[in-house]
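The structure appears right after this line, and notes come after that.
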Amino acid sequence: MLLFFTLGLLIHFVFFASIFDIYFTSPLVHGMTPQFTPLPPPARRLVLFVADGLRADTLYELDENGTSRAPFIRNIIMHEGSWGISHTRVPTESRPGHVALIAGFYEDVSAVAKGWKENPVEFDSLFNESKYTWSWGSPDILPMFAKGASGDHVYTYSYDAKREDFGAQDATKLDTWVFDNVKDFFRHARNNQSLFSKINEEKIVFFLHLLGIDTNGHAHRPSSRDYKDNIKKVDDGVKEIVSMFNHFYGNDGKTTFIFTSDHGMTDWGSHGAGHPSETLTPLVTWGAGINYPQRVSAQQFDDSFLKEWRLENWKRLDVNQADIAPLMTSLIGVPFPLNSVGILPVDYLNNTDLFKAESMFTNAVQILEQFKVKMTQKKEVTLPFLFTPFKLLSDSKQFNILRKARSYIKHRKFDEVVSLCKELIHLALKGLSYYHTYDRFFLGINVVIGFVGWISYASLLIIKSHSNLIKGVSKEVKKPSHLLPCSFVAIGILVAFFLLIQACPWTYYVYGLLPVPIWYAVLREFQVVQDLVTSLLTYPLSHFVGYLLVFTLGIEVLVLSFFYRYMLTAGLTAFAVWPFLTRLWTRAKVTSLSWAFFSVLLAVFPLMPVVGRKPDIFLVMGAGLLVLLLSLCVVTSLMKRKDSFRKEELLVHLLQVLSTVLSMYVVYSTQSSLLRKQGLPLMNQIISWATLASSLFVPLLSSPAVFQRLFSILLSLMSTYLLLSTGYEAVFPLVLFCLMFVWINIEQETLQQSGVCCKQKLTSIQFSYNTDITQFRQLYLDDIRRAFFLVFFLVTAFFGTGNIASINSFDLASVYCFLTVFSPFMMGALMMWKILIPFVLVMCAFEAVQLTTQLSSKSLFLIVLVISDIMALHFFFLVKDYGSWLDIGTSISHYVIVMSMTIFLVFLNGLAQLLTTKKLRLCGKPKSHFM
């Protein structure tokens, strides 16, 4: 059985990794020739301001007094330049946003493994193509473009990473640092001949990364005075820098200025997903080569922003974020970034029609080059009779479009050139996507075949080894045939040879060959399948169909709950009614009423707003008080039972109560300190980390009796959960635990009702590693219901307080008791532990259910695995790469979550066993406990 679980874990890792090979591979290709416009550019230098985390609406809208928060930028819009909205893509994080702006392509999610910092793939950028680039700002952003550059012409100046503190006195100092250092740089250049000559060259870039707005948004929310005041300070800083540039270069009219943002931010201070507040960013351009403001009488857009911002008479020019890269390259005359997929927004250019046509033609050729390289690469590794070219852009069509465009330029039909080049770009981008996803169907089919095979094998193993369903059906044991293994060996060799001659990556061998042994194992159990069919034929058809429909309905409710949280409410309400539809109500009225009460109470949480959007520190304090009240009641009741309650265990409970009190103090104290902008107190930080570290071993000091151990686990984990809470979610684990405790009792009642075993008091049952295997029983039909309950409670633990399939559901304020300096991996780990704490509570309760119902953990775990895998297969089919970026990202994250849940089940099952069965003593040798 251990071998089975090990193999199962490896298979699930393969299924989990497959989604990254199918959907998350890098779209980049190499080997293209640089392309640049053959005409002289309008600008010698470009200044790029990126206000990190700045929303378009917050910049453009007028405040309550009818004045602009950024008067200088608004004056530019009305009198000097062009403006619009830059539409970003998911994931709306700093690194992918900057890559789209500066390199012109949308980065794949593989970069998340690097914390959006390092370069997981090599790529070309505007900075690399420039003669010199000087950049100032965050150490998280600047190094990736310097490392990606060829040569040493990209210079970076960044502050210490510790300055990125969400609890700091004033985050605007990050932006002030950038502006001051730029001014010092130019003052120094006047006295340094070498530097002075460099900054007077052409084709140079100055990049100012302004992180203060993003930091204030995370710490105080975009609606806060801090966020809005930071915009004013950035506006003042930009005004000073522009004035300094004009003065330094003698108003030569050869400087282009671009002001934009990498991503926006939700109202609750997060980003990463596809909400409009995250994907709509400002774009304001002015200076050399940029069109002046265009007055219009009416504009057609799908939104009402123009009226809200009172900009309806100034022409709005929207772009995709990657389009800004080709705009910048054409303005200073450097080659387009080799991997750019941006389309030059010619409406922003103030130049001759010939320049616009030539620039658009260069843009088309540059993207077509990528298409050609991608096609050649795919053609070289595919058998000729299997290769299907992209029919919409054949070689002859490419030649005809390019020849026609050149002819139009010669005959000065520049508008026709622009439209023809846009058509070619759209076709080339479709072709790039076609070849990028060329193997997707082949890989998907292999994964589905493997998935179905694994689910079938796990189901057969349950029926064969853990149930009475086929006992006595067939006594005949057939001699195994050599034909079956020989056939599968031959199939494996054919698949491997097919992949070998196509020079496929090694991962393709894994996906192609994995279904072979899985289906061999399934077909080896053909006798079990025959016996199962024979056994099922003896059951009434109506009963079989009824059970199948209920099981299917349950799976669909679980799947729908990933999209609609209120489905959890519907499911929990149905759970509340369940005892009253059975004989449980007549046997155990108090238990049934308790079950109904806590089910309904837990059902309220999925109807509440997602965590973090409306923080309330008093709800966290209230949850802490409820924990203390419950602790007092439990300790009082246990002290009355002097025979089973030692002083050592009383000391453990008192330590846990003290830990809860300290957690409440830290939460309140930290909140007060951050509001006063005094940062995170060191003592609070030490207490928080000590509480987290102790939460996993303090329960091991308590009694292994089921009730006492579970309560001890709750107290320890609640202390940590309070530190990670910002609002009503602090009450969630407490309600969940109460329902889990009632679940343990109600399962005892159901088992006693069926006559399988006698009911034992929870105070007399102890967790133990050394459970007598002879006490385990075979599976019954009702055990499928128990397994379904577990999966449903796990999904509720995941989604009960928010939709974590969306990156923007994570609120950084959750980790402020532990750290306030930006650290993506540490913050991510803490928020992941916050998600897993309710998960651990459910798994510990499940351990108790298995123990009290005398059921083998392996048999019940197999059913849970089958249910989870059926859900995962659902989500695999629901993954899509079309529609809005929000839909695409959500569909992929759902599959990743359910596969992670399946894999985590194995580890959390082990953690739950450790927490429930291991016993430590404060002094002396550990004592073993047996049932």
Side-chain angles (χ1 to χ4, degrees), residues 27-29 32-43 45-48 50 81-82 84-89 96-107 123-130 133 145 148 203 205 207 256-260 262 281 283-285 287-291 317-371 405 414 417-429 432:
L28 302 189
V29 289
M32 292 79 68
T33 307
Q35 305 290 326
F36 58 91
T37 307
L39 299 174
R45 67 200 72 88
L46 181 137
V47 184
L48 173 63
V50 177
S82 296
I85 291 176
S86 168
H87 296 263
T88 69
R89 284 191 184 182
H98 281 88
V99 169
L101 283 169
I102 298 164
F105 72 91
Y106 301 104
E107 191 169 35
F123 60 85
D124 191 20
S125 72
L126 166 72
F127 296 172
N128 187 46
E129 296 293 354
S130 68
T133 292
F145 294 104
K203 301 180 180 179
V205 177
F207 171 44
T256 302
F257 299 95
I258 292 183
F259 180 89
T260 187
D262 54 347
T281 59
L283 174 61
V284 182
T285 63
I290 295 295
N291 251 335
L317 303 170
D318 284 11
V319 300
N320 289 321
Q321 194 172 46
D323 300 342
I324 298 173
L327 173 65
M328 294 189 292
T329 56
S330 64
L331 287 165
I332 59 173
V334 298
F336 285 61
L338 293 174
N339 303 114
S340 172
V341 294
I343 303 172
L344 177 66
V346 290
D347 290 340
Y348 273 85
L349 296 176
N350 179 20
N351 213 313
T352 63
D353 289 339
L354 174 61
F355 181 85
K356 294 178 183 178
E358 284 285 3
S359 298
M360 202 72 212
F361 183 81
T362 304
N363 191 188
V365 172
Q366 170 259 325
I367 293 176
L368 184 62
E369 280 280 312
Q370 295 181 69
F371 168 78
F414 300 124
V417 175
V418 171
S419 61
L420 194 62
C421 289
K422 283 184 178 179
E423 180 192 344
L424 178 58
I425 287 172
H426 287 301
L427 287 173
L429 290 175
L432 272 172

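The first residue of the sequence shown is numbered 1, and numbering continues consecutively from there.
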Is any side-chain heavy atom of V205 less than 4.5 Å from a side-chain heavy atom of I102? no
Restricting to ring-ring contact (aromatic ring centres under 6.0 Å, His included), what partner residues turn up for Y348, sequence neighbours left out? none
Per the salt bridge (charged side-chain N to carboxylate O under 4.0 Å, His left out) rule, what does the pair list look like for residues 329-356, sequence neighbours excluded? none
Not counting sequence neighbours, which residues clear side-chain contact (heavy atoms from CB on, under 4.5 Å) with T352? List them please. L354, F355
Go through the steps to decide whether N320 and I343 satisfy the test side chain to side chain contact (heavy atoms under 4.5 Å, CB included), and finish with yes or no. CA-CA 8 Å; N320 289 321; I343 303 172; over 6 Å; no
How close do V319 and P345 get, counting heavy atoms only, and between which atoms? CG1-CB, 3.7 Å
Closest approach of S86 and T260, non-hydrogen atoms and distance? CB-OG1, 4.4 Å
Taken to the nearest 0.5 Å, the spacing of I258 CD1 from L46 CG works out to 5.0 Å
Atom of C421, atom of F361 and distance for their closest heavy-atom approach: SG-CA, 3.5 Å
Partners passing side-chain hydrogen bond (donor to acceptor under 3.5 Å, both in side chains) against Q366 (at least two apart in sequence or in another chain): N363
Between atom CD of Q35 and atom OG1 of T362, what is the distance when rounded to the nearest 0.5 Å? 7.0 Å
Partners of E358 by salt bridge (Lys or Arg N to Asp or Glu O under 4.0 Å), sequence neighbours excluded? R406
Closest non-hydrogen atom pair, Q321 against D262: NE2-O, 2.9 Å
Residues that S340 engages under side-chain hydrogen bond (donor to acceptor under 3.5 Å, both in side chains), provided they are two or more places apart: none
Of all pairs that satisfy side chain to side chain donor-acceptor pair (under 3.5 Å), the ones with a partner from residues 417-429, not counting sequence neighbours: none
Can you list, pair by pair, the side-chain donor-acceptor contacts under 3.5 Å of residues 328-336, counting residues two or more places apart and other chains?
residue	atom	partner	partner atom	Å
T329	OG1	A325	O	3.3
T329	OG1	P326	O	2.9
S330	OG	P326	O	3.2
S330	OG	L327	O	2.9

Let me confirm one number: the CG-CZ distance from D124 to F105, rounded to the nearest 0.5 Å. 9.5 Å
Mind checking side-chain contact (heavy atoms from CB on, under 4.5 Å) for V29 and listing every partner two or more places apart, or none if nothing turns up? M32, Q370, V373, K374, Q377
If I take atom CG from residue L432 and atom CG from residue L427, how far apart are they, to the nearest 0.5 angstrom? 11.5 Å
Point-to-point distance, once rounded to the nearest 0.5 Å, from OG1 of T281 to CZ of F259: 10.5 Å
Approximate separation, where rounding is to 0.5 Å, of L429 CG and I367 CD1: 5.0 Å
Kindly write out the residues that satisfy side-chain hydrogen bond (donor to acceptor under 3.5 Å, both in side chains) with T37, not counting sequence neighbours, or none if the list is empty. S359
In terms of heavy-atom contacts, I290 and T256 come closest through CG1-CG2, 3.9 Å
Shortest non-hydrogen separation from F123 to A103 and the atoms involved: CD1-CB, 3.7 Å
Please assess L338 against E369 for the test side chain to side chain contact (heavy atoms under 4.5 Å, CB included), listing each intermediate value before the final yes or no. CA-CA 9 Å; L338 293 174; E369 280 280 312; over 6 Å; no
Tell me which pairs pass salt bridge (charged side-chain N to carboxylate O under 4.0 Å, His left out) where either residue lies in residues 318-330, with sequence neighbours left out. R316-D318
Once you measure the plane-to-plane angle for F207 and F127, does it fall in the parallel (<30°), tilted (30-60°) or perpendicular (>60°) bin? tilted
I'd like to check the side-chain hydrogen bond (donor to acceptor under 3.5 Å, both in side chains) partners of T285; sequence neighbours left out, ordered by chain and number. none
